[in-house]
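Just so we're clear, the structure is a prediction, and the values are computed from it rather than from any experiment. Here is the naming used below: chain letters follow the sequence lines, and residue numbers restart at 1 for every chain.
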Amino acid sequence: MSLTGGELEAATAIDVGGDVAAIEGRSLLAIAWRRLKADKLAMAGGVVVILLVLIAAFANVLQRIYGQSYLDQHNAGSSQLLDPLTSMPKGAFGGVSSTHWLGITPVLGQDVLSLLLFGARTSLLIAVSATILALVLGVTLGLAAGYYGGWIDMIISRAMDVLLSFPVLLMSISLLTVLSIYSSSDKLRYLVIIFVLGFFPPGFPYIGRIVRGQVLSLREKEFVEASRSLGASNLWIMRKEIAPNLVGPILVYTTLTIPTNILGEAGLSFLGVGVQPPTPSWGQMLSDAGKYFQIDPTYLVLPGLAIFISVLAFNLLGDGLRDALDPKSGR
Amino acid sequence: MFRFIAFRLIGALAVLWVVSVVTFVLFQLGPALSHTSPVYYYIGRVPFPKGSLQLKLLEHRFGFDLPLWEQYGHFMKGILLGQNISDGVSAPIHCSAPCFGYSFRQNELVGTLLLRAAPVSISLCIGAALMWLVGGVTVGTISALRPGSIGDRIGMIGSLAAVSLPIFFTGPLMLLVFEYKLGWLNDPQYVSVFHDPIGWVKSLILPWICLAFLFAALYARLTRSNMLEVMGEDYIRTARAKGLDRRTVVVKHGLRAALTPIVTIFGIDIGTLIGSTVITETVFNLRGLGYLSIHSISTQDLPVIMGVTLVAAVALVLSNVIVDILYSVIDPRVSR
């Protein structure tokens, strides 16, 4: 991860002008990177995040190496793996064996490790896409509101206020239910989940407010005035002068929104309105495990741990980034 | 001050109006997209063949043949003024304002269903809120008093871990440990606090802990950063310099200032929570507003879904207004 792109360096150096010169011309991001490297917990979080991304990206390769697929079901009648009476996996810890490393699910007898691998893909795909949607909307509208002010600011800010007082969870559930009446398309469902997570708070209205606040103070800075006096257009100033200064907060916000969206997706899938089987999802697994947890607690603990570890990793990284990028923190 | 409150109330009404329109339109989407008669979403089946005279008459009785804005008008009129509801066979029932309509699926007025579910959700929210406020502020304050110490590190990492735990994981886990393994609780059912206070606590203690855990973490982090800022102020040094003991300085001078922004967030969180305890209520099988909403969504019981959504919106908007007004009392600069 290289944070010292030339462009960013030049742009962020403007913001803290004097300070940077005093410490041998290092850019804010270079300083942040040095601080982050010293933060062991944040680095640990970062490593887990990279691992997660790799798992999600290469889930099919990993599955081929491992040799079991979640698509293969075992039923209690013909398979030796499930108890014919209760349909519960035979053996300790939910049927852990040398072929099924993390056991199999009750009733359907799917391989749990394979479900977890592909669950990571579903989870990250939705969480990251929703975060990108929130960023694009939030940064564009926040920039416009903060920079132009007046009635543009009025309309955008009011719209965000209204969104913030929506019972969003109920709205999301209803929207997704209405959708399933209309169509059973998986792609459409993905898109609506991404929309719901990115558009409703805490999605774009939060980043919109943060960006707006930053821009309000940035647009009064001397370097913006200088640029304007040189004849720069509004779009140029927003793109070249103001946007680079938003990199820090946006970076922090991104790493802290992804875990919220992971939890959001898992929650919707838990309630049965998110990702539908056979597409695996951690939330869905937990919802299924909730029916059997007295007999097969392993099946409950595994997807729960998967969610916990990924969300914690992103949170640790985001928290470390915030400390590292905060010019006030003395570490 | 009066102007400020008036403006806030008008703003709140505007927001509620937008919410009611969006909710109404959203739920018209279902019938429109699936080409089913809207009758289905009211009584759970379409009793007559498509295009038949009987079906048209039935749609006419419910007013589905009217233009959308007129249907919305009727809906709002019912809420504001009340209405008479009839199934055409038995005598009409008078449903006084605020009337959210009648659930033909559950054979009850939506208002009755809401009134029965609300105490469960409110109990859940109040208990959890007290726990997380006390817990979060305590952990945050202790952390802030010795920044960088081992206690601080544990508190902050612990709270980061706590916000990373979803209720649909901690909930079943707690049920497993405390109900099935240790047997401390015996599948308690919700009872009203006025009937049986101990039973009430027993039925809600696990959900309270789960919910409180999630929020306490955020409050701990917030309290810590606010406290750190406040304890660096000059007046704290003055208070210390004049010889006040540490306890008085921390509690009376420090905490009081650090808590003001937390009060704001607390109010809004409770307002939001009342409409979003869906997952907690599902996990612990509590029959509150969240359960009512998910149940009526899965049976496609339109009048109930609309009622719950609107009630959740009212709770949210009201808590926003109350917090704003309280805040302008605490800090008069806000209302200018």
Side-chain angles (χ1 to χ4, degrees), chain A residues 41 45 158-159 161-171 173-183 201 259-260 262-264 266-273 282-283 286-287 289-291 293-295 297 300-301 303-316 318-319 331, chain B residues 11-12 14-16 18-19 22-23 26-27 29-34 36 153 156-157 160-161 163-173 175-176 179-180 221 268 271-272 274-279 282-283 289-290 293-294 297-298 300 305-306 308-313 315-317 319-320:
Chain A
L41 275 172
R158 281 304 138 256
D161 282 350
V162 169
L163 267 180
L164 284 167
S165 29
F166 255 51
V168 284
L169 187 61
L170 292 182
M171 285 288 192
I173 298 172
S174 315
L175 199 62
L176 283 159
T177 314
V178 167
L179 174 82
S180 47
I181 300 170
Y182 169 62
S183 148
T260 319
I262 293 180
L263 287 176
L268 290 174
S269 298
F270 174 80
L271 290 171
V273 295
W282 293 338
L286 275 174
S287 154
K291 298 177 213 150
F293 68 87
Q294 298 163 47
I295 309 165
L300 174 79
V301 171
L305 277 183
I307 295 177
F308 174 61
I309 292 170
S310 5
V311 172
L312 182 63
F314 273 106
N315 277 337
L316 284 173
D319 214 45
R331 281 199 293 147
Chain B
V15 168
L16 281 179
V18 173
V19 172
V22 172
T23 319
L26 184 65
F27 293 120
L29 276 178
L33 288 177
S34 58
T36 341
R153 296 283 282 173
M156 286 306 105
I157 295 168
L160 212 51
V163 286
S164 312
L165 281 166
I167 288 190
F168 43 89
F169 178 42
T170 48
L173 217 55
L175 282 176
L176 184 70
E179 273 193 39
Y180 301 106
R221 298 176 73 77
I268 295 172
T272 317
I274 289 186
S276 54
T277 51
V278 184
I279 291 177
T282 310
V283 169
L289 290 171
S293 70
I294 199 86
I297 284 170
S298 64
Q300 295 168 6
I305 310 174
M306 305 250 298
V308 180
T309 311
L310 284 181
V311 166
L316 188 52
V317 169
S319 68
N320 269 308

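Contact check for B:Val22 versus A:Met171: side-chain heavy atoms found under the 4.5 Å cut-off.
Proximity to chain A is limited to the side chain of B:Tyr180, based on heavy atoms less than 4.5 angstrom apart. Using a 4.5 Å cut-off between heavy atoms, B:Thr309 contacts chain A through both its backbone and its side chain. Proximity to chain B (any heavy atom under 4.5 Å) is restricted, for A:Phe270, to the side chain, taken from C-beta onward. Contacts of B:Leu160 with chain A are made by both backbone and side-chain atoms, with heavy-atom separations under 4.5 Å. Using a 4.5 Å cut-off between heavy atoms, B:Ile297 touches chain A through backbone and side chain atoms alike. Contact annotation for A:Val301: both backbone and side-chain heavy atoms come within less than 4.5 Å of a heavy atom of chain B.
Taking chain A as the reference chain and counting heavy-atom pairs below 4.5 Å, the highest number among B:Ala313, B:Ala14, B:Ala12 is found for B:Ala313. When each of B:Ser319, B:Ser293, B:Ala161 is checked for heavy-atom pairs under 4.5 Å with chain A, B:Ala161 comes out on top. Ranked by heavy-atom pairs under 4.5 Å with chain A, the list B:Gly11, B:Pro166, B:Gly171 is led by B:Pro166. Note: A:Ser174 leads A:Gly290, A:Pro259, A:Pro303, A:Ser174 in heavy-atom pairs under 4.5 Å with chain B.
The nearest pair of heavy atoms linking A:Gly267 to B:Ile279 is CA-CD1, 3.9 Å. Contact record, B:Arg153 with A:Leu41: NH2-CD1, 4.1 Å, taken as the closest heavy-atom pair. Contact between A:Leu300 and B:Phe169 at its shortest, heavy atoms only, is O-CE1, 3.6 Å. The minimum heavy-atom distance linking B:Leu316 with A:Pro167 is given by the pair CD2-N, 4.1 Å. Counting all heavy atoms, side chain and backbone alike, B:Phe168 lies closest to A:Leu263 at CZ-O, 4.3 Å.
With values rounded to the nearest 0.5 angstrom, B:Thr282 atom OG1 is found 5.0 Å from A:Leu271 atom CG. The distance from the CG atom of A:Leu170 to the CD1 atom of B:Ile305 is 9.5 Å, given to the nearest 0.5 Å.
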Go through it in stages, so that I can follow the logic: the residues are A:Asp319 and B:Arg221, the test is side-chain contact (heavy atoms from CB on, under 4.5 Å), and I'd like the CA-CA distance, side-chain angles, deciding distance and then a yes or no. CA-CA 11 Å; A:Asp319 214 45; B:Arg221 298 176 73 77; 2.6 Å; yes
